[in-house]
2 protein chains.
Amino acid sequence: MPGGADLSIGAVAEATGVAVSALRYYDELGLIVPVDRVAGQRRFSPDVCGTVNFIRRAQRFGFSLEEVGVLLDDTERDWVGLVAAKLNDLRQQRVELDSMIHLLAEVQTCGCEVVASCPRIETDLAEHPETAC
Amino acid sequence: MPGGADLSIGAVAEATGVAVSALRYYDELGLIVPVDRVAGQRRFSPDVCGTVNFIRRAQRFGFSLEEVGVLLDDTERDWVGLVAAKLNDLRQQRVELDSMIHLLAEVQTCGCEVVASCPRIETDLAEHPETAC
DNA sequence: CCTTGACCTCAAGTCGACTTGAGGTTCTAC
DNA sequence: GTAGAACCTCAAGTCGACTTGAGGTCAAGG
């Protein structure tokens, strides 16, 4: 057990690419926890970098910081449900995203002057009747 | 030319499922334009439903309302560039989304007690060295 | 005539995730 | 011993996309 290799908040910021102010904010939310304070200054275990990276990833997954809190809480038994729900979300998002990419790719080459009146978009709308007027 | 079939803001709201307050906000931004005012009240062409639906779609594409404004501006020659840029974004997003779905699906079945220490996530991190500590 | 409901404007509030600023302490190097 | 960097707290500001609230107008129905 090394003992003396703890990181200042600045070191964590540099290692992870996350701003110091953001790290303090995560601390405030309890997402990361300093192992110690030296003259008032936070000292983090190097492990915290993993946690920070996890937070960033999870955000990109579409989790809010509050949800990340649940994921990180080892007394929380229901993270599996949260993951399952989020997975459904993501799959749904993917379907939408695909259709949008498809649509935009067509729009790009359709030669219309004004996007809003592009027949490809009309067509697409027609395929999604829930959005019809 | 029918002439008298214009819609009140409430009718547009009902037809599109978008809140009245949001429609007024779109008007304020110039994204939708009433064809008339009757005793101060907005009257919209039924076409506006198409525009509103387009706005919602574009938002789901990841366009901001400001960008939507560019898309809807028929004097704007550069919407093709905007679409191309956004298309790149979306494709990048899709790659990320896919890897996240993959990862979450594994996490879901890995049996770990605490997500943050799940080896699958560590593995995934290892594949993205830019995030290493 | 009077109420009800849909509409109006304008200002201010909300939410999440931070950032910025003021004012102060502490560590490091010379 | 002193300058400058890095840290601290706490309050307030920012951004986008709306929503909410106060206070008021207007047409239709009983």
Side-chain angles (χ1 to χ4, degrees), chain A residues 4-45 48-49 51-72 82 86 89 93, chain B residues 4-45 48-49 51-72 82 86 89 93:
Chain A
D6 291 340
L7 304 171
S8 71
I9 198 168
V12 176
E14 197 178 353
T16 59
V18 171
V20 168
S21 58
L23 293 174
R24 282 201 269 252
Y25 181 60
Y26 295 162
D27 183 10
E28 194 182 328
L29 298 184
L31 301 181
I32 59 177
V33 181
V35 289
D36 195 11
R37 288 261 182 168
V38 175
Q41 300 192 359
R42 295 165 180 86
R43 290 302 125 116
F44 293 98
S45 153
V48 88
C49 296
T51 308
V52 171
N53 289 326
F54 176 76
I55 293 170
R56 289 274 139 146
R57 283 200 143 249
Q59 283 187 298
R60 294 213 301 278
F61 294 166
F63 291 95
S64 68
L65 290 184
E66 195 180 341
E67 289 172 323
V68 174
V70 175
L71 293 180
L72 288 174
L82 189 51
K86 189 59 66 177
D89 278 10
Q93 267 182 48
Chain B
D6 291 341
L7 304 171
S8 70
I9 198 168
V12 176
E14 198 178 351
T16 59
V18 172
V20 169
S21 58
L23 294 175
R24 282 201 269 254
Y25 181 60
Y26 295 163
D27 183 11
E28 193 183 328
L29 297 184
L31 301 181
I32 59 178
V33 180
V35 288
D36 195 10
R37 287 261 182 169
V38 175
Q41 299 190 3
R42 296 167 180 85
R43 289 304 124 114
F44 294 98
S45 153
V48 87
C49 296
T51 308
V52 171
N53 289 326
F54 176 76
I55 294 169
R56 289 275 139 144
R57 280 200 147 250
Q59 283 187 299
R60 295 213 300 279
F61 294 167
F63 290 96
S64 68
L65 291 185
E66 194 180 340
E67 289 173 322
V68 174
V70 175
L71 293 180
L72 289 174
L82 190 50
K86 189 59 66 176
D89 278 9
Q93 268 182 47

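Proteins get letters first, then strands, A, B, ... in listed order; numbering begins at 1 in each.
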- With nearest nucleotides of DNA chain C determined for A/L29 and A/R43 from heavy-atom distances, which residue corresponds to the more 5′ nucleotide? A/L29
- Item | Partner set under side chain to side chain donor-acceptor pair (under 3.5 Å) for A/D27, not counting sequence neighbours | A/R42
- Mapping B/Q59 and A/I9 to their closest nucleotides on DNA chain D, which lands nearer the 5' end? A/I9
- All heavy atoms of B/V35 vs all of B/F44, minimum pair found to be CG2-C, 4.0 Å
- Give the first and the last nucleotide of DNA chain D, reading 5' to 3', that has any atom under 4.0 Å from a heavy atom of chain B. D/dA17 to D/dT20
- On a heavy-atom basis, the closest approach of B/V52 and B/I32 is CG2-CG2, 4.1 Å
- Task: Please list all pairs passing the salt bridge (Lys or Arg N to Asp or Glu O under 4.0 Å) test where one or both residues lie in residues 62-71 of chain A, with sequence neighbours left out.
- Result: A/E67-A/K86
- Closest heavy-atom contact between B/L31 and B/G69? CD2-CA, 3.5 Å
- Item | Shortest non-hydrogen contact from A/V18 toward A/A22 | CG1-CB, 3.7 Å
- Item | A/V20 vs A/V38, nearer the 5' end of DNA chain C by closest nucleotide | A/V20
- Query: So what does B/R37 hit on the nucleic acid, given a heavy-atom distance under 4.0 Å: a base, only sugar-phosphate, or nothing?
  - Reply: sugar-phosphate
- Given DNA chain D, 5'-ward residue of the pair B/Q41 and B/L65, judged by closest heavy atom: B/L65
- Just to confirm, is there a sub-4.0 Å distance from OP1 or OP2 of C/dC8 to any side-chain nitrogen or oxygen of B/R24? yes
